[in-house]
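Each chain gets a letter, A, B and so on, in the order the sequences are listed, and its residues count up from 1. Remember, predicted model here, so these are calculated numbers, not experimental data.
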There are 2 protein chains.
Amino acid sequence: MTTEEPCDTLIDPLADKIGYQLRRASLAYLTHLTLAVEAFDLRIAEMTFLMFVAVNPGCSQGEVSRVLGVKRTNMVPTVTELVKRGYLVREAADGRTNALTLTASGMSLHASLSEAIDGCDQRFFGDMAPAKLEALRDALLEIRAKA
Amino acid sequence: MTTEEPCDTLIDPLADKIGYQLRRASLAYLTHLTLAVEAFDLRIAEMTFLMFVAVNPGCSQGEVSRVLGVKRTNMVPTVTELVKRGYLVREAADGRTNALTLTASGMSLHASLSEAIDGCDQRFFGDMAPAKLEALRDALLEIRAKA
DNA sequence: TATTGTTATACTCTATAACTATA
DNA sequence: TATAGTTATAGAGTATAACAATA
């Protein structure tokens, strides 16, 4: 066998596909955020839900699911876990709706969590030129609006 | 019961979190791309792999897995399926490495697939201001580089 | 000894259908 | 009749461990 390599310089046909780069960038960020959140023994979904209830005390699962774009059926384990661990309380708002609020423990966790997330954001976006950051933000909202 | 609503105007604490918007935008795009690719009875992973081999004839699974950031163990079903359906051929490059190439059928599929993806990209990025698009592209690469 | 491809397996996220109870 | 929450379940994507064959 010679030392020929069948394909020693690969061409990436997706390098200039902006949709693909969007996915790869999102995944890169998400990987680090997952690590940051795991320090609190939480999953991304649990963290997101907790962040949401923190600023919307008294909201219901259905409301959160609609804003976050998560099926309400898939939020049940998330809420159950947060309640079980004493971060979240369900109180009957009416016979079928629960009003959700954080406990003191949940609020404390929320504060620590916010710092961790900000640290992750600082790493990824902290040294980005303000104009580029603003353009990125605008572009992302524009993309979401086209869904 | 009164008509009081416990939480009629929800605040989205993630609205100005750029990492979260990155994830939502990526998901919005991916949802539509998935639909476009399903028209060919393909999954995203299968489409991506095929696009890659098309411009890198003779490459190996391991090489593709490294560039795409996919574990080689998870690519086996993808390759197996593409071979089974006659889009891809494995030929022994040496005793342990397979050189991958598209069949005529695979190349034909690749052409149709490219059009479908371009259509999806056109929808999401076609009417975006060139300067914003360029800033978006730069920002995404910058984010990936920080992983 | 390191690498290629593979199998088996497990965990997370996401999706649908169907149920209870309440409005 | 529509909605809130739930259960069960199935499909993808992704992770590790371990193996055989080969460099």
Side-chain angles (χ1 to χ4, degrees), chain A residues 1-8 23-24 26-28 30-31 33-35 37-38 41-49 53 58-84 88-100, chain B residues 1-8 23-24 26-28 30-31 33-35 37-38 41-49 53 58-84 88-100:
Chain A
M1 188 63 71
T2 68
T3 55
E4 289 166 2
E5 309 239 329
C7 192
D8 53 358
R23 182 150 52 106
R24 291 298 298 265
S26 172
L27 231 50
L30 191 60
T31 298
L33 186 64
T34 300
L35 286 175
V37 162
E38 273 174 354
D41 197 23
L42 287 177
R43 295 186 279 189
I44 293 288
E46 291 161 351
M47 174 275 286
T48 308
F49 196 94
V53 177
C59 67
S60 72
Q61 289 180 214
E63 288 171 320
V64 182
S65 78
R66 279 186 291 272
V67 178
L68 295 185
V70 177
K71 303 275 177 206
R72 68 191 198 285
T73 188
N74 290 327
M75 279 193 346
V76 175
T78 299
V79 178
T80 302
E81 180 68 15
L82 290 175
V83 168
K84 195 178 78 183
L88 193 64
V89 170
R90 274 188 273 232
E91 291 172 301
D94 64 35
R96 64 181 177 185
T97 309
N98 293 323
L100 304 166
Chain B
M1 187 64 66
T2 68
T3 54
E4 290 166 2
E5 310 240 331
C7 191
D8 54 358
R23 182 150 53 106
R24 292 298 299 264
S26 172
L27 232 49
L30 191 59
T31 298
L33 186 63
T34 301
L35 287 175
V37 163
E38 274 175 353
D41 196 25
L42 286 177
R43 295 187 278 191
I44 293 288
E46 291 161 351
M47 174 277 285
T48 307
F49 196 93
V53 177
C59 66
S60 72
Q61 289 180 214
E63 289 172 319
V64 181
S65 78
R66 280 187 290 272
V67 177
L68 294 184
V70 177
K71 303 277 177 203
R72 69 190 198 285
T73 187
N74 289 328
M75 281 194 343
V76 175
T78 299
V79 178
T80 302
E81 179 69 15
L82 290 175
V83 169
K84 195 178 77 181
L88 194 65
V89 170
R90 275 189 273 234
E91 290 172 301
D94 63 36
R96 65 183 177 186
T97 308
N98 293 323
L100 304 166

Residue closer to the 5' end of DNA chain C, V76(B) versus V70(A) (nearest nucleotide):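 Looking at DNA chain C, the more 5' nearest nucleotide goes with V76(B).
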
Rounded to whole angstroms, how far apart are [atom1] on [X] and [atom2] on [N]?
{"X": "E81(B)", "N": "dA12(D)", "atom1": "CD", "atom2": "P", "result": "11 Å"}
{"X": "L33(A)", "N": "dC13(C)", "atom1": "CG", "atom2": "P", "result": "12 Å"}
{"X": "F49(A)", "N": "dT12(C)", "atom1": "CZ", "atom2": "P", "result": "18 Å"}
{"X": "Q61(A)", "N": "dT3(D)", "atom1": "CD", "atom2": "P", "result": "17 Å"}
{"X": "L42(B)", "N": "dA12(D)", "atom1": "CG", "atom2": "C1'", "result": "15 Å"}
{"X": "M75(B)", "N": "dT14(D)", "atom1": "CE", "atom2": "P", "result": "12 Å"}
{"X": "L30(A)", "N": "dA15(D)", "atom1": "CG", "atom2": "P", "result": "11 Å"}
{"X": "L68(A)", "N": "dC13(C)", "atom1": "CG", "atom2": "P", "result": "13 Å"}

Minimum side-chain heavy-atom gap R90(A)-T80(A) below 4.5 Å: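 Sidechains of T80(A) and R90(A): in contact.
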
Side-chain heavy atoms of L82(B) within contact of L42(B), under 4.5 Å: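 Result yes, sub-4.5 Å side-chain heavy-atom pair found.
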
Pairing residues for R24(B) by the salt bridge (Lys or Arg N to Asp or Glu O under 4.0 Å) criterion, not counting sequence neighbours: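 In terms of salt bridge (Lys or Arg N to Asp or Glu O under 4.0 Å), with neighbours along the sequence ignored, R24(B) is linked to no residue.
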
Sugar-phosphate or base contact per nucleotide [nucleotides 17-22 of chain D; S, B, -; heavy atom under 4.0 Å]: B----B

DNA chain D: 5'-proximal contact among N74(A) and R23(A) (nearest heavy atom):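 Residue closer to the 5' terminus by nearest nucleotide: N74(A).
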
dT4(C) OP1/OP2 closer than 4.0 Å to side-chain N/O of R66(B):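 Result: yes.
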
Side-chain N,O (R90(A)) to OP1/OP2 (dA4(D)) below 4.0 Å: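 No, no such contact exists.
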
Flag, side chain of S26(B) to backbone of R23(B), donor-acceptor distance under 3.5 Å: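 No: the side chain of S26(B) does not pair with the backbone of R23(B).
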
Flag, side chain of D94(A) to backbone of R96(A), donor-acceptor distance under 3.5 Å: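 Yes; judged by distance alone, with no hydrogens or angles, the pair exists.
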
Interatomic spacing from CG in D41(B) to CD in E81(B) - rounded to 0.5 Å: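 Here the interatomic distance stands at 8.0 Å.
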
Donor-acceptor pair present, N98(A) side chain and dA4(D) base, under 3.5 Å: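 Between dA4(D) and N98(A), which were checked side chain against base, a qualifying N/O pair under 3.5 Å is absent.
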
Smallest separation among heavy atoms of A92(A) and N98(A), with atom names: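 That closest heavy-atom pairing would be CA-OD1, 4.1 Å.
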
Nearest-nucleotide pick for L27(A), side chain only, options being dG5(D), dC13(C), dT14(D):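 So the side chain of L27(A) is nearest to dT14(D).
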
Proximal nucleotide (of dT6(D), dT12(C), dT6(C)) relative to the R43(A) side chain: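 Of the options given, the side chain of R43(A) lies nearest dT12(C).
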
